[in-house]
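Every chain is numbered from 1 and lettered A, B, ... according to where its sequence line falls, protein lines coming before strand lines.
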Number of protein chains: 2
Amino acid sequence: MASQALPYRPHNHQACVSQALADARAICRAQNARLTPTRERVLELIWQSHKPLGAYDVLAELTAEGQSAAPPTVYRALDFLQQHGLVHRIASLNAFIGCAHAGENHTGMFLICRSCGNVLELKAPGVSGAIEGAAKAEHFKAEDVTLEIAGLCPRCQAENRHD
Amino acid sequence: MASQALPYRPHNHQACVSQALADARAICRAQNARLTPTRERVLELIWQSHKPLGAYDVLAELTAEGQSAAPPTVYRALDFLQQHGLVHRIASLNAFIGCAHAGENHTGMFLICRSCGNVLELKAPGVSGAIEGAAKAEHFKAEDVTLEIAGLCPRCQAENRHD
DNA sequence: GGAAATTTGATATATTATAACATTTCCGGA
DNA sequence: TCCGGAAATGTTATAATATATCAAATTTCC
Ligand SMILES: [Zn+2]
Ligand SMILES: [Zn+2]
Ligand SMILES: [Zn+2]
Ligand SMILES: [Zn+2]
C-alpha cells in the first residue's frame, strides 16, 4: 500500500534525519536560538527512528559516546527543542519524538502503534477545529492540546490478521 | 453565568460525591466486581474535588487516616477503578480524576484549567467522530484516545481580565 | 576587555510507578 | 461446615522519570 505514511513502512530514514536537522538549523537561525552541539546531537538521537525515545534512553546514548552527561543535560536539551517546536513530548508514554511539522504552527495528533511502537504525527485540521469548537462551547480558552491515539498501525493489523 | 459547567462554579459538591459513589456501587454490582472498602475510600478521596489528585496525595490521606497503606495499595485501587470506568488518569498531569460519565461508554475529553486546577470532562461526540475519521483515513485502528486540553476556565478568564 | 546573560557541569533529591513474594480474605463446591 | 483455589491485600524493595541547586564555563554585546 504505497499510500501508507512513512513511519509504518520501510523508507530511506536517513533522509528524514537530514531533513529534520536542516529544518532545525534554519528554524534556530531564524529565531536567533543557539542549536548547540549537545542540543543538535539530542535532536539527532530523537530522530534515530519514528519510535519515541525516553529521556534516559537519550542519556544512555550520550554517555555511551563518551559525553559527560547527566539527566539535566538531556532534559535541558529536550526543553529547548520543545520550546522551538522541534520535538514533542508524548505524555502517555513519557517519551519524546521529533516533530514532523516543525515550523508549521500546528497542534500535534499522534497515532501510536502499540505493536511496533512507531508514531505518526498528523495535522488533522478537522480534529483541531472540532476540539476548539467544543472548548469554546464551554467558554474555555484552550492553550495546549494533548491528543494521543493508541492502537494498531496498518502494517501491524495486516501481520496480526493471521493469528 | 448559570450555564457554566459544575467544576467551574460553586455547587453542592457533596451531591457529586454521593452520586459518584452510588453509581460506582451499582456498576460494580452489575459487573460482579468487588468495590472493597479501600477501593471505595480511594474513589471517595479522588472525588473530594474536581481537581485531579496524584497517587501519592491519595496515599497521604490514607495514611493520615491511620490505614496501613503503601504505594501498591493506591495503585491497585486506582487500576481497579480505571478498569471499571470509575476514574480516569490524566496523562499530562500524572494524576487521577473521577469519571463524570461512568457507565456511559465514552472517550473522555478533559478541559484542564491551569489557573484553578479544576477539570471538566466532556463527551463531545463531534470530536470523537473527527478523531476516528482522521485515524481511519490513515488506516489506523484506534483503541485508546488521550485528549487533554490545558487552558483557562471561564471563571479564571474573568478573574484575570483585571490584571 | 569586561560585565551580563546564557549555557553547561555536577551532585543531590523529588516524584511517580512497579516487581516480587508472603499473607489474608473471600467464595463456591464437596 | 470445611476445604481449596482465586482474589485481594500487606510489605519491602527498587525502577523509572523528572527537577532543584549551585558552581563553572562559554557566549554576547557594549
Ligand atoms: Zn523516517
Ligand atoms: Zn509537530
Ligand atoms: Zn462537584
Ligand atoms: Zn469518563
Side-chain angles (χ1 to χ4, degrees), chain A residues 24-25 28-43 45-46 51-84 86-97 112 117 146 148, chain B residues 24-25 28-29 31-43 45-46 51-84 86-97 112 117 146 148 150:
Chain A
R25 288 187 202 105
C28 287
R29 194 172 330 114
Q31 299 186 4
N32 246 319
R34 294 171 51 196
L35 189 61
T36 61
T38 298
R39 290 167 174 172
E40 184 168 331
R41 182 65 185 131
V42 168
L43 180 60
L45 288 169
I46 288 290
K51 305 180 189 186
L53 214 54
Y56 280 78
D57 297 329
V58 175
L59 178 58
E61 304 242 24
L62 286 183
T63 55
E65 291 172 0
Q67 294 211 226
S68 105
T73 310
V74 174
Y75 282 101
R76 283 167 180 159
L78 289 171
D79 283 349
F80 171 89
L81 295 169
Q82 279 184 90
Q83 253 147 28
H84 293 84
L86 302 173
V87 309
H88 293 287
R89 180 168 191 276
I90 307 292
S92 59
L93 299 176
N94 294 331
F96 300 83
I97 192 161
I112 305 167
T146 298
E148 300 167 8
Chain B
R25 289 188 201 105
C28 287
R29 193 173 329 113
Q31 300 185 6
N32 247 318
R34 294 170 53 197
L35 189 62
T36 62
T38 298
R39 289 167 175 173
E40 185 169 329
R41 182 63 185 132
V42 168
L43 180 60
L45 288 171
I46 288 290
K51 305 179 189 186
L53 214 54
Y56 280 76
D57 297 329
V58 174
L59 179 58
E61 303 242 25
L62 286 182
T63 55
E65 290 172 0
Q67 292 211 226
S68 104
T73 310
V74 174
Y75 281 100
R76 283 167 180 159
L78 289 171
D79 283 350
F80 171 89
L81 295 169
Q82 279 184 261
Q83 252 147 30
H84 293 82
L86 302 172
V87 308
H88 293 286
R89 180 169 190 276
I90 307 293
S92 58
L93 299 177
N94 294 329
F96 300 83
I97 192 161
I112 306 167
T146 298
E148 299 167 11

Visitor: Nearest whole angstrom, please: distance from the C1' of C:dT25 to the CG of B:L35.
Guide: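 In whole Å, C:dT25 C1' lies 16 Å from B:L35 CG.
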
Visitor: Output the rounded distance in Å from CG (B:D79) to C1' (C:dT18).
Guide: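 Answer to the nearest Å: 10 Å.
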
Visitor: C:dT15 P sits how many Å from B:D57 CG, rounded?
Guide: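 These atoms are roughly 10 Å apart.
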
Visitor: Do we count A:Y75 as stacking onto D:dT19 if the rule is ring centres under 5.5 Å and planes under 30°?
Guide: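 Check failed, A:Y75 does not stack on base of D:dT19.
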
Visitor: Is the backbone N or O of A:R34 less than 3.5 Å from a side-chain atom of A:R39, with the two atoms forming a donor-acceptor pair by type?
Guide: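 Judged by distance alone, yes, a pair lies under 3.5 Å.
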
Visitor: Can you tell me how far P of D:dA18 sits from CG of A:L53, to the nearest Å?
Guide: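 That distance rounds to 12 Å.
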
Visitor: Between B:N32 (CG) and C:dC26 (P), how many Å, whole number?
Guide: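 B:N32 atom CG is separated from C:dC26 atom P by 16 Å.
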
Visitor: Using atom CG of B:L59 as one end and atom P of D:dG10 as the other, report the distance to the nearest whole Å.
Guide: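 After rounding, the gap between these two atoms is 12 Å.
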
Visitor: For every nucleotide of nucleotides 2-10 of chain C, 5' to 3': is a protein heavy atom under 4.0 Å from its base (B), only from its sugar-phosphate (S), or from neither (-)?
Guide: -----SBBB

Visitor: So, does B:E148 use its side chain to make a donor-acceptor pair with the main chain of B:A91 at under 3.5 Å?
Guide: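 Checked: pair present.
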
Visitor: Could you tell me how far apart B:L78 (CG) and C:dT16 (C1') are, to the nearest whole angstrom?
Guide: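 In whole Å, C:dT16 C1' and B:L78 CG are 12 Å from each other.
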
Visitor: Between B:A33 and B:H84, which heavy-atom pair has the shortest distance, and what is it?
Guide: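 Smallest interatomic distance, heavy atoms only, reads CB-NE2, 3.3 Å.
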
Visitor: Can you find a side chain N or O atom of A:N94 that sits less than 4.0 Å from OP1 or OP2 on D:dA18?
Guide: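 So the side chain of A:N94 is within the cut-off, an N or O lying under 4.0 Å from OP1 or OP2 of D:dA18.
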
Visitor: Over how many whole Å does the gap from A:L93 atom CG to C:dA17 atom P extend?
Guide: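 Rounding to the nearest Å, CG of A:L93 and P of C:dA17 are 13 Å apart.
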
Visitor: Looking at B:R76, is its backbone amide N or carbonyl O close enough to the side chain of B:D79 to form a donor-acceptor pair, meaning the two atoms are under 3.5 Å apart?
Guide: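 Not confirmed, B:D79 side chain does not pair with B:R76 backbone.
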
Visitor: Looking only at heavy atoms, what is the nearest atom pair of A:I97 and A:I46, with distance?
Guide: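 Here A:I97 and A:I46 meet closest at C-CG2, 3.6 Å.
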
Visitor: Check B:V42, B:T73, B:V74 against B:L59 for a side-chain contact (heavy atoms from CB on, under 4.5 Å) and give me the one that passes.
Guide: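 Looking at B:V42, B:T73, B:V74, the match for B:L59 under the side-chain contact (heavy atoms from CB on, under 4.5 Å) is B:V74.
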
Visitor: Does the D:dA18 base have a donor-acceptor partner in the side chain of A:Y56 within less than 3.5 Å?
Guide: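 Yes.
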
